[in-house]
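In what follows, a structure is listed as structure tokens, so that the remarks can point back to it.
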Amino acid sequence: MFNLTSPLKSQPLLFPLTSKSTIIMTSSNPSPPPITVFASTTPDYDRAKAVKQFDETKHGVKGLVDSGVQKLPPFFVHPPETLSDLKPRPGSESEVPTVDFSAVETSRAAVVDQIRRAASTIGFFQVINHGIPPELLERTVAAMKKFHEQPAEERARVYRREMGTGVSYISNVDLYNSKAASWRDTLQIRMGPIAADPEEIPEVCREEVRAWDKEAVRVGELVIGLLSEGLGLGAEKLPEMGLVQGRVMVGHYYPPCPEPDLTVGLTSHADPGALTVVLQDHVGGLQVRSKDGWVDVKPVPGALVFNIGDLLQIISNEEYKSADHRVLANCSNDPRVSIAIFFNPGEREKTFGPLPELTSAEKPPLYRNFTFNEFITRFFKKELDGKSLTNFFRQ
């Protein structure tokens, strides 16, 4: 990670587009700088320079939208192999089960079985009646939206590509090493094991994200216990491993995209940690890859989306499956907001690998042992590109 210089405020920034003409775009909103764009086919197009200049505005994709951009800068345009299968199969959303947690007390075994089947097949499930007040969920989404829709100068105060303070606003964590950028901005907040100083969290969303984290941990610990039972280990085994102690919250903002068929909101990838919980708004766009193709994860009012991460796939010796997922570029008129918490081990030097209880002569361990520090360092050395992380530790 590295520090960024101040935005270049005294001159227009060059963002080459796929158009063959030169367009000068200005904005009625005085916050973002004017943007000069020119053809990517011109000899003076420099992709690395264009990416750096975009990053140094510290205004993100929202800044491009506010400036009135009508065509994508070419570093946002994804290759044909990514763009060729952006449509899900009709009716496929039914493959992501919805689990009713009001039945945990009376029909725990049935709930465990539902979660076990989802975790061992598609790797995704939604949870309703989880006990988090709907008003808190609504306030949290609204507060995150409000952060991203502040004046650009306010957002820029926390725009940085390092997490020294525990808070970072960026556009694309893999901006400098991905094949193409995605149409998305993100606020990252470290919630554990050592949480960010509350004063570092933007005031506009401070109270809501801290309350959401507390409730998400409660539900996440319950889910981890149910997943542990699904492996035949008892409800205490996985929770005792401290898999929810290390937490990072990300608040994604997907502005309406002028050319949604040319880019994505979030590229296909699997999450590296143990478990992820996502609170999404009504707009939609999240998809998971099943054995038969891409599946929509349709927003369910009041529901939380859970997905298995790579670490839990390894710990379970592939009894549970992490799944590739992505977010389509936003083609609606409303911005999309989602807030995820990644549950990870709290001790970075702790060793992980397939649990001995889940291995045998008939099913030997599929992965070598490693420290979580080695594991997560490997993740950040690559762009978000699917299953290469688990393959690296396979034996």
Side-chain angles (χ1 to χ4, degrees), residues 93-108 110-112 114-115 118 124-150 184 186-189 191-192 195 198 201-227 244 247-255 265-266 271 275-288 295-307 325 327 330 332-343:
E93 63 270 13
S94 62
E95 296 178 28
V96 179
T98 297
V99 183
D100 186 348
F101 267 22
S102 67
V104 169
E105 295 299 324
T106 58
S107 305
R108 188 179 182 96
V111 173
V112 168
Q114 278 186 286
I115 289 179
F124 267 70
F125 53 93
Q126 303 206 56
V127 172
I128 58 173
N129 295 320
H130 39 65
I132 302 179
E135 297 79 12
L136 174 58
L137 302 182
E138 293 166 4
R139 290 201 314 271
T140 304
V141 170
M144 189 59 66
K145 183 173 183 284
K146 191 172 182 180
F147 165 80
H148 284 281
E149 294 181 351
Q150 294 179 107
R184 174 191 84 256
T186 302
L187 176 65
Q188 301 181 112
I189 305 172
M191 307 306 295
I201 302 173
E203 186 177 2
V204 70
C205 61
R206 183 183 302 155
E207 178 183 343
E208 290 81 4
V209 299
R210 295 180 72 201
W212 155 239
D213 174 67
K214 181 178 179 180
E215 291 290 338
V217 168
R218 177 184 61 79
V219 180
E221 288 177 338
L222 174 57
V223 171
I224 287 284
L226 295 169
L227 286 164
V244 303
R247 302 185 309 285
V248 174
M249 179 186 300
V250 296
H252 293 311
Y253 184 87
Y254 303 85
L266 184 60
D271 292 340
L275 187 69
T276 304
V277 57
V278 179
L279 168 61
Q280 60 173 339
D281 68 8
H282 65 284
V283 175
L286 176 61
Q287 295 182 334
V288 56
V295 174
D296 280 329
V297 185
K298 292 281 191 181
V300 174
L304 303 178
V305 180
F306 283 88
N307 65 274
H325 53 284
V327 177
N330 186 0
S332 77
N333 294 323
D334 296 324
R336 178 181 187 267
V337 176
S338 69
I339 304 152
I341 296 180
F342 302 106
F343 293 123

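Looking only at side-chain heavy atoms (C-beta outward), I201 and R210 come within less than 4.5 Å of each other. A heavy-atom distance below 4.5 Å is not found between the side chains of V288 and N307. Counting only heavy atoms from C-beta outward, the side chains of I224 and F343 never approach each other to under 4.5 Å. In this structure the side chain of N330 never reaches within 4.5 angstrom of the side chain of R184, judged on heavy atoms. In this structure the side chain of F101 reaches within 4.5 angstrom of the side chain of L226, judged on heavy atoms. Within the 4.5 Å cutoff, the side chain of Y253 has no heavy atoms near those of the L187 side chain. Side-chain contact between V217 and M191: absent, with no pair of heavy atoms (C-beta onward) separated by less than 4.5 Å. Between V99 and I115 there is a side-chain heavy-atom pair separated by less than 4.5 Å.
Across all non-hydrogen atoms, the minimal contact from D334 to S332 is O-OG, 2.8 Å. Of all the heavy atoms in E149 and P335, the pair that sits closest is OE2-CG, 3.5 Å. The two atoms that bring F124 and P97 nearest to each other are O-CD, 3.6 Å, heavy atoms only.
A donor atom on one side chain and an acceptor atom on the other are found under 3.5 Å apart for S102 and D100.
Of the candidates H252, K298, R336, Q280 forms a side-chain contact (heavy atoms from CB on, under 4.5 Å) with just one, namely R336. Tested against I341 for a side-chain contact (heavy atoms from CB on, under 4.5 Å), the candidates V244, V219, V277 yield a single pass: V277.
Classification of the F125-F306 ring pair by plane angle, with boundaries at 30° and 60°, yields parallel.
Rounding to the nearest 0.5 Å gives a distance of 8.0 Å between CG of L266 and OG1 of T186. Atom NZ of K214 sits about 11.0 Å away from atom CG of L136, to the nearest 0.5 Å.
Look at R218 and E215 and you find a salt bridge, because one of the NZ, NE, NH1 or NH2 atoms lies within 4.0 Å of a carboxylate O, short of that distance.
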